[in-house]
**Q** 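Could you have a look at this structure, given as C-alpha cells, before my questions?
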Amino acid sequence: MATHPIYRAREWMYKRIDEETEEVREEYKEGLRQFMGLVSNQELAREQGMAICPCIKCENEKVVKVDLVWRHLYNRGFTPGYYIWFSHGEDFVNMPGISRRVGRVEEGNINRNGEEDGTSIRHGDNIPRMVRDGFPEVVETSNVVQSPNPESRRFFEMLEAAKHPIYDGCKEGHSPLSAATRMMGIETDFNLSEDCVDAFADFFNDYLPEGNLAPQSYYAIQKLVAGLGLPYQIIDVCRDNCMIFWREDANLESCRFCGEDRFQVSAGMSRIPYQRMWYLPIADRLKRLYQSERTAKGMRWHGEHSFTGDISHPSDAEAWKHFRYTYPDFAREIRNVYLGLSTDGFNPFGKGGRKYSLWPVIVTPYNLPPALCMKREFLFLTILVPGPNHPRRALDVFLKPLISELQMLWYEGVRVYDVSLKNNFTMRAVLMWTISDFPAYGMLSGWTTHGRLSCPHCQDNSDAFWLQNGRKSSWFDCHRRFLPSNHPYRRNKRLFTRNKVINDGPPPSYDGTYILEQFSDFYVLETRDCGGNGHDRIDGYGTAHNWHKKSIFWELPYWKDHLLRHNLDVMHIEKNFFENIINTVLNVAGKTKDNLKSRLDLQQLCGREELYAMENGTGQVPIFRLLPSRKAAFFEWLQKSAKFPDGYVSNLSNCVDETSGRLSGLKSHDCHVIMERLFPFVFDELLPKNVHEPIAAIGAFFRDLCSRSLTESGLHTLQQNIPVILCNLEKIFPPSFFDVMEHLPIHLPREAVLGGPVQYRWMYPFERYMFHLKKKVKNMSKVEGSIVAQSLNEEITNFSAYYFAPTVQTKARKPGRYDDGGERPTYHTYVPSIFREIGRLSGKRKGVWLTEQEVNHIHCYIIRNCEDVFPYESIFADQLRAEHEGISDEYLEELKQSMFPSWLKYYVISGDSRGQRFPTWFAELVEGPLLQVVSSPMYCTRGHVFRRKSTTRLRKTSELWGRS
C-alpha cells in the first residue's frame with residue numbers, strides 16, 4: 001500500500017507541524033488551500049455553506065460550516081488514513097481505484113460531552129470493492145447492514161412522517177413534532193399548568209402564518225407526541241403492603257396474607273383499589289439508547305476504551321472484571337447493559353408539609369462514557385412506591401415486577417435495533433449493585449443497619465459494644481485489628497481501651513455462597529413467602545446475625561457471584577462524620593459527643609484521667625474543643641475570608657450562627673466541601689497539633705477517595721492509612737463519638753477497589769434527581785400520578801430531541817452557565833498562547849482610560865507570563881546578577897517587576913538599530929497596552945467566571961477576581 005503514488009503525493013496531510021519551529025508547515029497550508037478549494041465546489045457548500053469535516057476529531061462524521069472545517073484542519077489535522085477524499089467529491093475517474101463514498105445526512109448529533117458538534121453522517125455501505133482491495137486501511141470493515149425490526153421501524157417511520165414543515169418557508173427542522181416536543185419540554189422543565197400551555201399555543205398560532213400546522217392546545221401536543229411515549233403499568237397493591245395484585249395474583253379480590261379487601265366500596269361502575277404502584281418497564285427505555293445516534297455508540301464505550309492504569313469508570317474496577325470473567329457469554333456482546341439501582345424516600349410536600357413518604361426506584365446504565373454516565377436523562381424512574389406510609393421491610397413487594405423483568409433480560413433478552421451499527425441484536429442486562437443511604441441499605445439487602453451488628457461487612461465478627469451510660473452502640477477501639485500485626489498501637493494499653501491488647505486480624509470477606517448458607521442455617525424467609533409485613537424475628541437476630549429477610553435480589557441468578565452487591569453511600573457517611581467532628585469541636589449543645597454521659601463511659605473504658613467527670617458533674621475543657629476566642633476567629637474567617645469558585649458551594653457566611661455558636665443550614669455538598677477542602681488546614685492554628693493532624697487526615701482521606709480517577713497504588717495507600725487515622729481519632733475523642741458512621745470509612749477503600757470511583761456509586765445524582773421529581777408535583781391530591789405523567793413527558797422530550805436539526809434549540813444544547821463562547825480562536829499568523837485562550841466578556845461593558853499604574857501593572861503581567869518573552873527575562877536577570885553581586889531572590893523579583901518592561905523596550909529598540917529583526921507582534925507587545933480599553937465586570941473561560949474585585953464584595957463565594 002505504501003508504494004501507491006497517492007500516499008507520496010499527500011504526505012503533507014500528516015506532517016502538519018514542523019518539529020523544529022513547532023509551527024504549521026507551509027506545504028500543509030498549501031495543501032489545505034487545495035483541499036478547501038475542492039470542498040467549496042461541493043453542492044452542500046455552495047447551497048448551505050456546510051461541509052463534511054475530516055479532522056481528527058470529527059472523522060467525516062460531522063457536517064459543519066465551511067470556515068469551521070478550515071479551522072478544525074488547521075488546528076487538529078486530518079483523520080488518519082484519509083488519503084482519498086471520497087467524502088468530498090473525489091471518484092475513480094480522477095483517482096484510479098477509488099470510488100466516491102456516498103453518505104446521507106442524519107440530523108441532531110451531540111458529542112460525548114453533551115455539546116452540539118454539527119450534523120452527523122450515516123454512511124452507506126456502497127463502497128466499491130476496488131476501494132477495499134486497493135486501500136483496505138482507509139475503509140473500516142463494517143457489520144452487515146440490516147433492516148430495523150418491526151418495532152424500531154415503526155418508531156423511525158413515525159419520526160420521519162412527522163418532519164413536515166410547520167408552514168411553507170419555515171426554518172429547516174421546524175415541524176409540528178418538533179414544536180410539540182419543545183413545548184412539552186418547556187412544560188416539564190418549568191412545571192407549567194395545562195392552561196398556561198394552552199395560552200402559549202394560542203399566542204404562537206396568532207403570530208404564525210395562516211394554515212400552519214402548529215399544535216393549538218396542550219391536548220394537541222399530547223396527541224402529537226403520544227406515539228413517542230414509553231409504556232408504563234399501574235399495579236394494585238394491598239393496603240397493608242403485603243403483596244401486589246399482578247400476574248398470577250391479578251384476579252384476586254383480597255390479600256392472600258392479611259385478607260384485606262383489594263377494592264374500596266363505591267357506588268360507581270369503576271372499581272377503585274385502595275392503593276396502586278407505578279411501574280415503568282426498563283427494557284423499553286434501554287432500547288431507546290440504541291435508537292439514538294448520540295447514545296448507541298456510547299453504549300459500547302465500556303468495552304472499547306483502553307485501560308490506562310487509572311480507574312476512572314466502574315468497568316475499570318475489580319467487580320466488573322470479575323463478572324465478565326465469570327460470565328464470558330454475557331461479556332462477549334459488549335452491547336449488553338450493566339445497570340445500577342438506587343432508591344430513597346422523600347416528602348413531596350417538603351419539611352413543613354404533611355407527613356408523606358414517597359419512594360422512587362431509579363435504574364441507570366453504566367455502559368456510557370464518563371461524560372454521559374449518571375446524567376439526569378439516563379436516570380430512569382422505574383418504580384414509584386406510593387405513600388403516605390413508609391414501605392419499611394415491604395420494599396421487596398414493590399420490586400417484584402422489576403426483578404421479573406431483570407430475570408427476563410438475563411435469560412432471554414430483547415431484540416433491539418442498533419442505529420450506529422445498523423443491525424439487530426439480542427440485548428441482555430445485568431444489575432451490578434444497589435446504591436442507597438444506610439437505612440435503605442438494610443431495606444434492600446435484608447441486613448438490619450442498626451444495633452451492635454449493623455456493619456454489613458463485619459457482620460457478627462464486629463467488636464462493637466454497648467455504652468452503659470450513653471445507651472447506644474459504640475465502635476470505639478474497633479479499628480486496631482485492621483492495622484499491620486506489628487503496629488505499636490495493637491499493644492498500647494493506655495491510649496485506647498484500658499489494658500487491652502489486640503491480636504485479632506480484620507474480619508474476613510463474605511462471598512455469596514457463605515451468605516446463602518446463612519439464610520439456610522437461620523431459616524431466613526423471602527418476602528414472597530410471608531408477605532411484606534410477615535417477617536417475624538429470626539432466631540439469633542442481634543447476636544449471631546442481623547438478617548431480617550432474604551432480599552428479593554437473590555432471585556437473580558448471578559447475584560451470588562457479585563463481589564459488590566450493595567454500596568455504602570460515601571455522601572451520607574462523609575456528612576455524618578463531618579457533623580460529628582464540627583459539632584464536637586464547636587461544643588454545640590445537644591449535638592456534641594462530649595457530654596456528662598460520654599465522660600462517664602470514657603471513665604469506665606479509658607485511662608484519660610484529665611477527661612474524667614468530677615463529682616459535681618463537670619469536667620475539664622478537652623483539647624479537641626475550640627475556646628470561645630478561637631471559635632470566634634473561625635467564624636470570622638468563614639464569613640470574611642473563605643472564598644470558593646462561583647457556584648461551588650453555598651454562601652458559608654449565611655450558615656454561621658454566632659448566637660448559638662454553630663454552623664446551620666449546611667447542605668450535604670457544603671459538608672463535602674468543608675470536609676475535603678478546609679479540614680486539611682483550617683484548624684492548624686486553632687487546635688493542638690495532635691488534634692489538628694487526625695482531623696486534617698480524615699479530610700484528606702475523603703478528598704483522595706472522591707477523586708474522579710483512582711489508581712491501584714493510591715487505593716492501597718488509603719487502605720493502609722484509614723485504620724491509623726481512625727485510631728488517631730480514638731486517642732482524642734470519647735467513645736460516644738464513634739457510632740457506625742465513624743466505623744464505615746474503614747471499608748470504603750475496599751469498595752472503591754471493587755466498584756471504581758465513588759461518583760458512580762454515591763447518592764448525589766439520585767438525591768438531585770429526587771429533588772427534580774419533587775418539583776413535578778402539580779396535583780397535590782395525586783402526587784404519584786403527577787410525577788409519573790411528567791416523567792413520561794420528559795422522556796419523550798429527551799429522546800425525540802436527538803433527531804432534530806442543529807438549528808432546533810433543546811435542553812441538551814443549552815449553553816452552560818459560564819459558557820466561554822466557543823472554540824479557541826484561529827489566526828493566520830503566529831500569536832502567543834497567552835492571547836489564544838477561549839473566553840468571553842460578560843456583563844455591561846464600558847470604555848475606560850487606564851491609569852499609569854494600571855498600564856504598568858498590565859504590561860508587566862502580560863510580558864512576564866508570555867512564554868516567548870521568557871528568554872529575554874533570563875537575559876535581564878543575568879545582567880542584574882552581574883551588576884548586583886549576591887542579590888537576593890526577593891530583591892531580584894522586585895527589580896523585575898519595576899524595571900523589566902522598560903528594559904525590554906530598550907532592548908528591542910537597540911536591537912533594531914543593530915539590524916536585529918523582531919516579529920511585528922513582538923515589537924507591538926513591548927510597546928505596552930492601549931490607554932483606552934473596554935472593561936467588563938465578568939470574564940467567562942474554561943467553565944469558570946472571573947469577576948472584578950469591586951463586584952465581589954456582595955458575593956461571599958465568588959471566583960478569584962481579575963480585571964477584564
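Just so it is clear, the structure is predicted and the values come from calculations on it, not from any experiment. Both backbone and side-chain heavy atoms feed into the values below; hydrogens, waters and symmetry mates do not.
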**Q** With side chain to side chain donor-acceptor pair (under 3.5 Å) as the test, would you mind laying out the steps for Tyr327 and Asp561 before giving the verdict?
**A** CA-CA 10 Å; Tyr327 295 97; Asp561 298 310; 2.3 Å; yes
**Q** With a 4.5 Å heavy-atom cut-off, do Leu399 and Ile383 have their side chains touching?
**A**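 Counting from C-beta outward, Leu399 and Ile383 do come under 4.5 Å.
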**Q** Between Arg324 and Tyr338, is any side-chain donor less than 3.5 angstrom from a side-chain acceptor?
**A** yes
**Q** Check this for me: Tyr232, atom OH, are more than 12 non-hydrogen atoms of other residues, nucleotides or ligands nearer than 6.0 Å?
**A**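 Incorrect, the count does not exceed 12.
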**Q** Should Ile56 and Phe78 be marked as a side-chain contact (heavy atoms from CB on, under 4.5 Å) after you check the CA-CA gap, both sets of side-chain angles, and the distance that decides it?
**A** CA-CA 5 Å; Ile56 197 171; Phe78 286 84; over 6 Å; no
**Q** Quick check: does any side chain N or O of Tyr558 sit under 3.5 Å from a backbone N or O of Leu431, one acting as donor and the other as acceptor?
**A** yes
**Q** Can you tell if the side chain of Thr797 reaches within under 4.5 Å of the side chain of Arg182, non-hydrogen atoms only?
**A**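 No, side chains not in contact.
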**Q** Search all heavy atoms of Trp320 against all heavy atoms of Pro314 and return the closest pair with its distance.
**A**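 Heavy-atom minimum between the residues: CB-O, 3.2 Å.
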**Q** Nearest 0.5 Å please: distance from the CZ atom of Arg335 over to the CG atom of Leu421.
**A**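 Atom-to-atom, Arg335:CZ and Leu421:CG are 5.0 Å apart.
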**Q** Any sub-3.5 Å donor-acceptor pair from Gln233's side-chain atoms to Trp278's backbone N or O?
**A**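 Answer holds: no.
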**Q** Roughly how far, to the nearest 0.5 Å, is CZ of Arg768 from CZ of Arg376?
**A**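 So the gap between those two atoms works out to 10.0 Å.
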**Q** Counting N and O atoms only, with roles assigned by atom type, does the side chain of Asn567 sit under 3.5 Å from a partner on the main chain of Thr434, one being a donor and the other an acceptor?
**A** yes
**Q** Ion pair present between Glu333 and Arg428, side-chain N to carboxylate O less than 4.0 angstrom?
**A** no
**Q** Specify the closest pair of heavy atoms between Gly756 and Ile311, including all atoms of both residues, with the distance to one decimal.
**A**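 So the minimum-distance heavy-atom pair works out to CA-CG2, 3.8 Å.
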**Q** Using only atom types and a distance under 3.5 Å, with no angle test, would you say the side chain of Asp418 pairs donor to acceptor with the backbone of Ser420?
**A**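 Confirmed, Asp418 side chain pairs with Ser420 backbone.
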**Q** Between the main-chain N or O of Gly185 and the side-chain N or O of Thr188, is there a donor-acceptor pair closer than 3.5 Å?
**A** yes
**Q** Give a yes or no on whether the ring-centroid distance for Trp246 and Tyr279 is below 6.0 angstrom.
**A**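 No.
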**Q** What's the spacing between Asn336 CG and Arg300 CZ if we round to 0.5 Å?
**A** 13.0 Å
**Q** Tell me whether Lys321 is salt-bridged to Asp316, with the criterion being a basic N under 4.0 Å from an acidic carboxylate O.
**A** no
**Q** At what distance, to the nearest 0.5 angstrom, does CG of Leu792 lie from CD1 of Ile787?
**A** 12.0 Å
**Q** In Å, rounded to the nearest 0.5 Å, how long is the span from CD of Gln34 to CZ of Arg10?
**A**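 The distance works out to 8.5 Å.
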**Q** Any donor-acceptor pair under 3.5 Å linking the side chain of Arg565 with the backbone of His562?
**A** yes
**Q** Is a side-chain donor or acceptor of Gln407 paired with a backbone partner of Glu555 at a separation under 3.5 angstrom?
**A** yes
**Q** Between Arg294 and Glu377 (salt bridge meaning N to carboxylate O under 4.0 Å), is one present in this structure?
**A**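 Yes, this pair counts.
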**Q** Measure the shortest side-chain to side-chain distance between Leu368 and Met299 over non-hydrogen atoms and say whether it is less than 4.5 angstrom.
**A**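 In short, these two side chains touch, coming nearer than 4.5 Å.
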**Q** Give a yes or no on this: more than 12 heavy atoms of other residues, nucleotides or ligands lie within 6.0 Å of atom OH of Tyr219.
**A** no
**Q** Report yes or no: is the cationic atom of Arg415 (NZ for Lys, CZ for Arg) under 6.0 Å from the centre of the six-membered ring of Phe425, at an angle within 45° of the ring normal?
**A**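 Here Arg415 fails the 6.0 Å and 45° test against Phe425.
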**Q** List the residues meeting side-chain hydrogen bond (donor to acceptor under 3.5 Å, both in side chains) with His302, not counting sequence neighbours, and say none if there are none.
**A**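 His302 satisfies side-chain hydrogen bond (donor to acceptor under 3.5 Å, both in side chains) with Asn367 only.
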**Q** Please give me the minimum heavy-atom distance between Ala45 and Val39, naming the atom from each residue.
**A** CB-O, 3.4 Å
**Q** Any non-hydrogen side-chain atom of Val69 less than 4.5 Å from a side-chain atom of Val66?
**A**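 No; the side chains remain at least 4.5 Å from each other.
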**Q** Are His772 and Glu794 linked by a side-chain donor-acceptor pair shorter than 3.5 Å?
**A**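 Result is yes, a qualifying pair exists.
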**Q** May I have the step-by-step check of side-chain contact (heavy atoms from CB on, under 4.5 Å) for Leu409 and Val414, ending in yes or no?
**A** CA-CA 7 Å; Leu409 287 172; Val414 291; 4.1 Å; yes
**Q** Can you find a pair of side-chain heavy atoms, one from Lys65 and one from Met50, that are under 4.5 Å apart?
**A**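 Lys65 vs Met50: side chains touch.
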**Q** Show the numbers, then the answer: is there a side-chain contact (heavy atoms from CB on, under 4.5 Å) between Leu68 and Cys53?
**A** CA-CA 8 Å; Leu68 195 58; Cys53 181; over 6 Å; no
**Q** Please name all residues satisfying ring-ring contact (aromatic ring centres under 6.0 Å, His included) with Trp433, sequence neighbours left out, ordered by chain then number.
**A**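 Trp433 satisfies ring-ring contact (aromatic ring centres under 6.0 Å, His included) with Tyr366 once adjacent residues are dropped.
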**Q** How far apart are the closest heavy atoms of Leu224 and Pro215, and which atoms are they?
**A**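 Scanning both residues, the minimum pair turns out to be CD1-CB, 4.1 Å.
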**Q** Is the side chain of His305 donor-acceptor paired with the backbone N or O of Trp301 at a distance under 3.5 Å, no angle test?
**A** yes
**Q** Between the main-chain N or O of Thr79 and the side-chain N or O of Tyr14, is there a donor-acceptor pair closer than 3.5 Å?
**A** yes
**Q** Of the non-hydrogen atoms in Cys55 and Arg76, which two are nearest, and what is the gap between them?
**A**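 Nearest pair, atom of Cys55 first, then Arg76: SG-NH1, 3.3 Å.
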**Q** With a 4.5 Å heavy-atom cut-off, do Met432 and Leu339 have their side chains touching?
**A**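 No. Closest side-chain heavy atoms not under 4.5 Å.
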**Q** Stepwise, does the side-chain contact (heavy atoms from CB on, under 4.5 Å) test hold for Leu406 with Leu556?
**A** CA-CA 8 Å; Leu406 288 173; Leu556 298 173; 3.8 Å; yes
**Q** Take the angle between the ring planes of Phe378 and Phe380 and call it parallel below 30°, perpendicular above 60°, tilted in between.
**A**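 Answer is perpendicular, since the angle exceeds 60°.
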**Q** Does any part of the side chain of Tyr411, heavy atoms only, come nearer than 4.5 Å to the side chain of Pro557, both counted from C-beta?
**A** yes
**Q** Please examine the side chains of Pro54 and Phe35, heavy atoms only from C-beta on, and report whether any two atoms are closer than 4.5 Å.
**A** yes
**Q** Give a yes or no answer on whether the side chain of Arg247 reaches the backbone of Pro401 with a donor-acceptor pair at less than 3.5 Å.
**A** no
**Q** Taking all heavy atoms of Ala296 and all of Val419, pick out the closest pair and write down the distance.
**A**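 So the two residues come closest at CB-CG1, 3.8 Å.
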**Q** In Å, rounded to the nearest 0.5 Å, how long is the span from CD1 of Ile435 to CD1 of Ile362?
**A** 10.0 Å
